[in-house]
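Model, not experiment: these values are computed from the prediction.
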Amino acid sequence: MRDFIYIYTKYLTVKMTCDYLNISRSTLSEWMKNGKIPFSKIGRSPRFDRDELDLWIKTGGSTTIELPSLPTLNSKAKYGNN
């Protein structure tokens, strides 16, 4: 029954997230405080997007996103009406 709820619930509560990840509430609180787990707040209550948690697990628990490098500007390039 519990798995059924997780499949159809997009945003999990703290308790549901602890059950889903099989961790203690204090571990989840520590991860939230240190920014190690993705979450958002709905009002004053933290909520965990189940899809984001699944992606977070697949990426090894990383909350950082790799961004592509920016192109460098050619210092000799002319801009404007020069």
Legend entry - Same apolar cluster (I L V M F W Y, side chains within < 4.5 Å links), L12/L55: no
Inset, instruction - Return yes if a side-chain donor-acceptor contact under 3.5 Å exists between S26 and S29, otherwise no. - result: no
Legend entry - Nearest-0.5 Å distance that lies between atom CG in L28 and atom NZ in K33: 12.5 Å
Inset, instruction - Would you check if I42 and S45 make a side-chain contact, meaning some heavy-atom pair closer than 4.5 Å? - result: no
Legend entry - Side-chain heavy atoms of F48 within contact of V14, under 4.5 Å: yes
Inset, instruction - Mind listing the closest non-hydrogen atom pair of M16 and T9 along with its distance? - result: CE-CG2, 3.9 Å
Inset, instruction - Decide, yes or no, whether a salt bridge links K58 with D54 under the criterion of side-chain N to carboxylate O below 4.0 Å. - result: no
Legend entry - Minimum side-chain heavy-atom gap F39-R47 below 4.5 Å: no
Legend entry - Spatial distance of atom CG (D49) from atom OG1 (T17) [nearest 0.5 Å]: 10.0 Å
Inset, instruction - Would you check if the side chain of T27 reaches a backbone N or O of I23 as a donor-acceptor pair within less than 3.5 Å? - result: no
Legend entry - Side chains of Y11 and D51, donor plus acceptor under 3.5 Å: no
